Amino acid sequence: MTDDTTPFDATDLPGVVKRYLKAHNEHDLPAASAALTPDATVIDDGRTYEGIPAIERWLDRATSEYTYTTTFIGAEHDGPDHYTVTQRLEVTSPAAPSTFAIASPWTRA
């Protein structure tokens with residue numbers, strides 16, 4: 001099996017991905033949602049959230065229940081217009097910290 005992914009530094013990510021990460025870190029649900037494609041996927045704490053409505057519910061719950069900060073761990077270019085970003089999540093709850101990954105065919109400009 002061949003690994004066709006390309007590692008990326010945060011500064012090299014496309015603008016739409018950077019906008020999503022900024023919005024997520026600022027707990028700005030509308031801006032975060034606007035950066036996603038309908039088939040976006042978030043994997044967090046062993047759960048998978050597929051599509052904008054599910055991701056919006058995850059973001060809404062996370063931003064209302066927890067105080068957190070994120071640290072960029074890495075990103076990969078998985079294919080045309082598809083990136084996977086991994087961040088460390090520092091949460092002020094007993095379950096902290098955790099790591100989550102966001103995968104989306106980031107096609108919006």
Side-chain angles (χ1 to χ4, degrees):
M1 179 182 277
T2 303
D3 182 2
D4 292 332
T5 62
T6 304
F8 267 75
D9 184 71
T11 58
D12 296 329
L13 289 168
V16 68
V17 179
K18 291 178 190 177
R19 286 192 299 276
Y20 171 82
L21 295 174
K22 181 178 186 291
H24 179 91
N25 290 338
E26 294 175 352
H27 302 195
D28 183 347
L29 180 60
S33 295
L36 298 172
T37 57
D39 55 349
T41 301
V42 170
I43 302 168
D44 178 36
D45 200 24
R47 293 192 176 125
T48 301
Y49 304 90
E50 297 182 61
I52 293 173
I55 295 171
E56 285 177 335
R57 287 189 299 275
W58 167 75
L59 282 169
D60 185 50
R61 183 178 47 85
T63 58
S64 64
E65 291 182 12
Y66 305 105
T67 302
Y68 61 87
T69 58
T70 61
T71 303
F72 179 84
I73 293 175
E76 293 181 339
H77 185 206
D78 305 318
D81 298 323
H82 193 276
Y83 296 83
T84 298
V85 176
T86 303
Q87 297 193 98
R88 182 167 180 82
L89 184 65
E90 300 285 340
V91 184
T92 56
S93 78
S98 66
T99 301
F100 68 96
I102 302 166
S104 177
W106 306 94
T107 55
R108 295 189 184 179

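Remember, it's a predicted structure, so these values are computed and weren't measured experimentally. Just so you know, residue 1 is the first one in the sequence shown, and it goes up from there.
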Donor-acceptor pairs are to be reported for all side-chain atoms of residues 46-56 against protein atoms at under 3.5 Å, with residues two or more places apart or in another chain.
from: Tyr49; atom 1: OH; to: Arg61; atom 2: NH2; distance (Å): 3.2
from: Glu56; atom 1: OE2; to: Ser33; atom 2: OG; distance (Å): 2.8

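- The minimum heavy-atom distance linking Asp78 with Tyr83 is given by the pair OD2-C, 3.7 Å.
- Separating the CG atom in Asn25 from the CZ atom in Phe72 is a distance of 11.5 Å, to the nearest 0.5 Å.
- Across all non-hydrogen atoms, the minimal contact from Ala32 to Leu59 is CB-CD1, 3.8 Å.
- Listed here is the closest heavy atom pair of His77 and His82: CD2-O, 3.3 Å.
- In this structure, Lys18 has no salt bridge (charged side-chain N to carboxylate O under 4.0 Å, His left out) partners at least two apart in sequence or on a different chain.
- Closest of all the heavy-atom pairs between Leu13 and Ala75 is CD2-CB, 3.7 Å.
- For the atom pair His24 NE2 and Leu29 CG, the distance stands at 11.0 Å (nearest 0.5 Å).
- Note: Gln87 CD to Thr71 OG1 = 8.0 Å, rounded to the nearest 0.5 Å.
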